[in-house]
Undergrad: 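I'd like to ask you about the structure that follows.
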Amino acid sequence: MTHSTLTATHKPTLAAVAWLEGLAATLSSDTPTDAVNLFEENGYWRDLIAFTWNIKTLEGREAISDMVAATMKDAAPSNWQVEEDATETDGVIEAWITFETSVARGRAYLRLRDGLAWTFLTTMTELKDFPEKRNKLRPKGAEHGANKNRQTWLEKRQHEEANLGYTEQPYCLIIGGGQGGIGLGARLRQLEVPTIVIDALPKPGDTWRNRYKSLSLHDPIWYDHMPYIPFPENWPVFTPKDKVGDWLEMYTKVMEINYWGSTRCTHAKYDEDKQEWTVEVDRDGEKLTLHPKQLVLATGMSGIPNIPDIPGMDTFEGEQHHSSKHPGGEAYKGKKCVVLGGNNSAHDICCALWENDADVTMIQRSSTHIIKSDSLMELVLGGLYSEEAVENGMTTYKADLTFASVPFQIMPQFHIPAYEAVAKQDAEFYQRLEDAGFLLDFGEDGSGLFMKYLRRGSGYYIDVGASDLVAEGEIKLKSGVSIAEIKPKSVVLTDGTELEADLIVYATGFGSMNGWAAKIISQEVADKVGKCWGLGSDTAKDPGPWEGELRNMWKPTQQEALWFHGGNLHQSRHYSQYLSLQLKARMEGIKTPVYGLQEVHHLS
């Protein structure tokens, strides 16, 4: 059951081994559902496609029993092993585990309390018959011997680029060539799944290059690696946007991704009889029809920009645009600027405008969660994603699995103490903001940044300098109001205040990703798959019922052969592994019975 390197007298390891032996024996018996007795009454089993061919959290013994009854015959798990010495902290034993199913290899993470499983994560790591060609399986590269018909590596690549999408059809088409689409393209390339990534902009990374000048990643470098190629050790902690763009362009070339820039999808339709998509694209003026078997919308976690409909917009004589189109602050020196919104983009844009000597006012409609960047790194992310974590032996892969091992239902109880510590450490900072009239929150239950991100994808700012400007009045603030009317040279707020304006920036976020499905495919298909993102937490902008996982992300949807891929760099990196394995399995004809396909409760 265990590797020989384990310490035989190590009590946490022995407890983990004993539990695992019980699980292995029960799951292979005639009564596999008895495995629920190895879990706490309200224990959790989170599965990332290993058993359910889905991304699914089973909450409580009844849900676990139903899943086991439905999946174990096909999955036929075996070879369960505790991978290394288990650890124990405050009565919770944690253990890394490896296992196999009938078609795949996997890795698991277990938390035990008093001999019973509190949380259990199972993940698929590779398909047995179709492993990635890396490490010992890497291609030789050189073709030794004599061959009059020899093709060089370059000639093979040129042949592929000339034919894929023309004489040969891709198995998978990814719409969206940002970091999500590129990272998934790299994974599929490693799995030898013929794939094309398309994007409307000319070059990989242009999505970043075209944003406002001051933009940089707010997450630290250890959180943001791409699959296969980590950022080098001299890379800045917070990557400037143009550096991100250059990295993505390099990555696309080095990972040999079939990337079509200057390419727009004009329409897509699924043929149920042929079980393939008909996708019309415009490739730099050339009209093409593609027939992929699988279609992935990798348009980020966001959909189409939300631009409010405000009376008088058409009469405004100045400039107005959504934050996604904001060019930077350079052109607005001495101008009176109004930014509608109070989250990340609004703060960044206000700061850049102030740096360029603009007169800028932020209109904060509702409360915002603020966390200082240094505090986020020190008190929230540091244990998994930091230089210290790396020095302590934490790999990116282990950090991702550790993070994923916490079910979303109980994630707040892990986060609330950390954000209480943040509030205490930065009390003076928060008081200064409140004194300036800024509306603050830590989430409806005090669980902070990441839960807000999961629930609604908005409502927060990682402070890298703008908050001090707000507190000091350098960025003017109007809070608890919105814009009621726009006049030719001003905006009128809902409290009756009128502000002169030469520029209005709508930092008002984005719609659900299924807005792209409506635009590209049809409203019928968008409604069929329903809302993307959110957990059903019944908090602001995340209506219930509770769903336990992010809606529609990286997993089968109600529309066959349609997938959504996105999120931040961390999520795109981690979950692209499971999406790529699902696509590869389907290409190879592996049986993929999906357990617990998500129901649709909300359309957008």
Side-chain angles (χ1 to χ4, degrees), residues 44 46-50 55 57 82-89 92-98 106-111 118-126 179-180 183-184 186-187 217-233 235-239 247 371 373-408 410-415 417-419 447-451 453-454 462 549-550 553-554 567-581:
Y44 299 85
R46 186 178 192 218
D47 182 61
L48 304 183
I49 78 169
I55 293 178
T57 298
V82 174
E83 191 174 8
E84 57 189 56
D85 271 348
T87 60
E88 183 172 5
T89 306
V92 179
I93 293 172
E94 300 180 49
W96 292 98
I97 292 164
T98 59
R107 204 170 192 186
Y109 192 85
L110 170 69
R111 288 185 182 88
W118 176 26
T119 71
F120 189 44
L121 170 74
T122 49
T123 72
M124 185 182 295
T125 58
E126 70 174 358
Q179 66 268 11
L184 177 60
R187 296 231 188 239
L217 294 179
H218 289 267
D219 299 319
I221 181 66
W222 306 276
Y223 190 75
D224 290 335
H225 294 300
M226 295 285 287
Y228 309 113
I229 308 177
F231 293 110
E233 294 178 355
W235 204 258
V237 174
F238 301 103
T239 310
W247 182 263
I371 184 168
S373 176
D374 289 347
S375 301
L376 177 67
M377 291 180 64
E378 176 190 352
L379 298 173
V380 182
L381 294 177
L384 295 178
Y385 301 101
S386 66
E387 199 65 41
E388 291 72 26
V390 173
E391 290 171 355
N392 291 330
M394 179 60 71
T395 65
T396 303
Y397 179 65
K398 273 195 169 184
D400 288 349
L401 284 190
T402 303
F403 202 92
S405 72
V406 180
F408 293 132
I410 60 173
M411 192 171 276
Q413 66 184 264
F414 282 72
H415 287 205
Y419 286 94
S447 58
L449 173 72
F450 197 69
M451 291 310 301
Y453 170 71
L454 291 170
I462 302 173
E549 292 286 349
L550 286 170
M553 299 305 298
W554 317 293
N568 59 29
L569 279 154
H570 153 252
Q571 290 172 305
S572 290
R573 173 188 64 245
H574 184 216
Y575 289 96
S576 61
Q577 176 179 5
Y578 310 113
L579 179 47
S580 66
L581 289 169

Undergrad: Tell me, please, which residues at least two apart from A418 pass side chain to side chain contact (heavy atoms under 4.5 Å, CB included).
TA: V380
Undergrad: Could you grab the distance from atom CE of M226 to atom OG of S572, nearest 0.5 Å is fine?
TA: 8.0 Å
Undergrad: How would you list, by chain and number, every residue that makes a side chain to side chain donor-acceptor pair (under 3.5 Å) with D219, sequence neighbours excluded?
TA: none
Undergrad: Out of curiosity, L376 CG to L381 CG, how far, rounded to the nearest 0.5 Å?
TA: 4.0 Å
Undergrad: Please name all residues satisfying side chain to side chain donor-acceptor pair (under 3.5 Å) with R107, sequence neighbours left out, ordered by chain then number.
TA: E83
Undergrad: Drop me the distance from H415's NE2 to F450's CZ, to the nearest 0.5 angstrom.
TA: 7.0 Å
Undergrad: So do D224 and Q179 actually touch side chain to side chain, heavy atoms under 4.5 Å?
TA: no
Undergrad: How would you list, by chain and number, every residue that makes a ring pair (Phe, Tyr, Trp, His ring centres under 6.0 Å) with H570, sequence neighbours excluded?
TA: Y223, Y385, F403
Undergrad: Of L569, L401, T396, which meets side chain to side chain contact (heavy atoms under 4.5 Å, CB included) against H574?
TA: L401
Undergrad: Quick one: which of T119, L110, T87 gives a side chain to side chain contact (heavy atoms under 4.5 Å, CB included) with E94?
TA: T87
Undergrad: Which residues pass the side chain to side chain donor-acceptor pair (under 3.5 Å) test with T57, not counting sequence neighbours?
TA: E549
Undergrad: Side chain of R111, backbone of S405: donor and acceptor closer than 3.5 Å?
TA: yes
Undergrad: Would you name the heavy atoms of L48 and A404 that are closest together and state the gap between them?
TA: CD1-CB, 4.5 Å
Undergrad: Check side chain to side chain donor-acceptor pair (under 3.5 Å) between Y228 and all other residues, then give those that pass, not counting sequence neighbours.
TA: E132
Undergrad: Go through the steps for Y109 and W96 under the test ring pair (Phe, Tyr, Trp, His ring centres under 6.0 Å), then give the verdict.
TA: CA-CA 5 Å; Y109 192 85; W96 292 98; 4.6 Å; yes
Undergrad: Can you see which heavy atom on Y44 is nearest to which on I410, and at what distance?
TA: OH-CG2, 3.3 Å
Undergrad: Mind checking what makes side chain to side chain contact (heavy atoms under 4.5 Å, CB included) contact with V390, not counting sequence neighbours?
TA: W222
Undergrad: Name all residues meeting the side chain to side chain contact (heavy atoms under 4.5 Å, CB included) criterion together with S375; count only those two or more places apart in sequence or in a different chain, and write none if there are none.
TA: I371, K372, V422, Q425, D426
Undergrad: For L384 and M394: C-alpha separation, side-chain torsions, deciding distance, then whether side chain to side chain contact (heavy atoms under 4.5 Å, CB included) applies.
TA: CA-CA 7 Å; L384 295 178; M394 179 60 71; 3.6 Å; yes
Undergrad: How far does CH2 of W554 sit from OG of S580, to the nearest 0.5 angstrom?
TA: 13.5 Å
Undergrad: Side chains of Q571 and Y453: do they bring a donor and an acceptor to under 3.5 Å?
TA: yes
Undergrad: To the nearest 0.5 angstrom, please state how far the CG atom of L379 sits from the CG atom of D374.
TA: 10.0 Å
Undergrad: Please find the pair of heavy atoms, one from A108 and one from T122, that lie closest to each other, and give the distance.
TA: CB-CG2, 4.1 Å
Undergrad: With ring pair (Phe, Tyr, Trp, His ring centres under 6.0 Å) as the test, pick out the partner of F414 among W118, F408, Y419.
TA: W118
Undergrad: List for me each residue that meets side chain to side chain contact (heavy atoms under 4.5 Å, CB included) alongside E126, sequence neighbours excluded, and say none if there are none.
TA: R105, P131
Undergrad: Please give me the minimum heavy-atom distance between S373 and F238, naming the atom from each residue.
TA: OG-CZ, 3.1 Å
Undergrad: Apply side chain to side chain contact (heavy atoms under 4.5 Å, CB included) to residues Q577 and T123 and explain how you reach the verdict.
TA: CA-CA 10 Å; Q577 176 179 5; T123 72; over 6 Å; no
Undergrad: Looking only at heavy atoms, what is the nearest atom pair of G382 and A389, with distance?
TA: O-CB, 3.6 Å
Undergrad: NE2/H218 to OG1/T239 distance, rounded to the nearest 0.5 angstrom?
TA: 12.0 Å
Undergrad: Step by step, would you call M124 with D47 a side chain to side chain contact (heavy atoms under 4.5 Å, CB included)?
TA: CA-CA 9 Å; M124 185 182 295; D47 182 61; over 6 Å; no
Undergrad: Excluding sequence neighbours, so at least two apart, what forms ring pair (Phe, Tyr, Trp, His ring centres under 6.0 Å) with F120?
TA: W19, W45
Undergrad: Which salt bridge (Lys or Arg N to Asp or Glu O under 4.0 Å) pairs, counting each pair once, include a residue from residues 388-406, with sequence neighbours left out?
TA: E84-K398, D400-R573
Undergrad: Under the ring pair (Phe, Tyr, Trp, His ring centres under 6.0 Å) rule, collect the residues that match up with H225, sequence neighbours excluded.
TA: F231
